[in-house]
Amino acid sequence: MEPMFDKWKDVLWRTKQRVPVAFCPEHKYRLDIVDSYHGNLAQSSHIPGNQHSHLICPVDNKQFPIDGDDFSTMRRRYQAAKESELLKDATYRDLDNVYTPVLKVSPKPKDDRYSVQVEIDDTPRGKKMVIYAMDRQNSNEKTQIFIDPQDDKITFDSKNDLHPNMIFSKIVAYFKEGKTVSMAQEDN
């Protein structure tokens with residue numbers, strides 16, 4: 001499986017352990033940082049971004065300019081552009097005075113068997129999180145789990161929907177002041 005790359009400023013980027021890494025768009029080799037003023041590979045990513053420094057492909061020596069003051073700045077600008085793209089369609093919810101983005105797009109599931117969707121609803125009593133889940137292999141019926149931070153509780157609707165234990169083996173909610181509420185399948 002080929003790793004996921006993003007193209008930005010004529011260079012391919014891949015984030016590994018939260019640090020963006022630059023790759024050649026043709027060969028997909030990691031690019032070297034060259035300080036041509038001193039005639040060598042740079043030992044640091046903080047070399048100045050001027051006519052004397054650039055990124056270079058180790059296969060064919062093709063050069064790519066460093067955008068900004070230094071390569072670290074270029075990486076930060078890539079991250080900012082990526083985050084901006086991810087959050088452009090987000091709506092924000094006030095959760096305990098912290099504005100949290102709620103993305104309109106859902107991540108692609110690793111396993112098509114299960115489908116999970118989470119919504120935050122405004123109710124007369126405050127905000128409540130609703131988790132909808134379904135096991136597509138066994139049925140198209142869903143389960144609904146309600147997490148209520150005002151009352152520190154987890155509830156569900158098993159009258160009209162599946163019991164959550166039909167899909168989840170354990171659900172844990174962590175509330176303010178360290179309170180934890182869980183719901184788990186009982187062993188037979």
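No experiment lies behind these values; they were computed from the predicted model shown.
For A173, the side-chain contact (heavy atoms from CB on, under 4.5 Å) test picks out I147, I154, F175, with sequence neighbours left out. In this structure D157 satisfies the side-chain contact (heavy atoms from CB on, under 4.5 Å) test together with Q144, F146, K159, N160, D161, sequence neighbours excluded.
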Test log, rule ring pair (Phe, Tyr, Trp, His ring centres under 6.0 Å), inputs F23 and Y29
CA-CA 5 Å; F23 290 83; Y29 274 65; 9.1 Å; no
Please walk me through it: do C24 and K62 pass side chain to side chain contact (heavy atoms under 4.5 Å, CB included)?
CA-CA 9 Å; C24 172; K62 182 175 179 181; 5.9 Å; no
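Not less than 6.0 angstrom separates the ring centroid of F64 from the ring centroid of H54.
Around CE of M166, the count of heavy atoms belonging to other residues, nucleotides or ligands within 6.0 Å does not exceed 12. Atom CG of D60 has more than 12 neighbouring heavy atoms from other residues, nucleotides or ligands inside a 6.0 Å radius.
Pairing each heavy atom of P58 with each of R30, the nearest pair is CD-O, 3.5 Å. For the pair D6 and K82, the tightest heavy-atom approach, listed with the atom from each and the gap, is OD2-NZ, 2.9 Å.
Not a single donor-acceptor pair under 3.5 Å links the side chain of T15 to the backbone N or O of P20. Not one N or O on the side chain of D32 forms a donor-acceptor pair closer than 3.5 Å with the backbone of V34. A donor-acceptor distance shorter than 3.5 angstrom exists from the side chain of W13 to the backbone of W8, with no hydrogens or angles considered.
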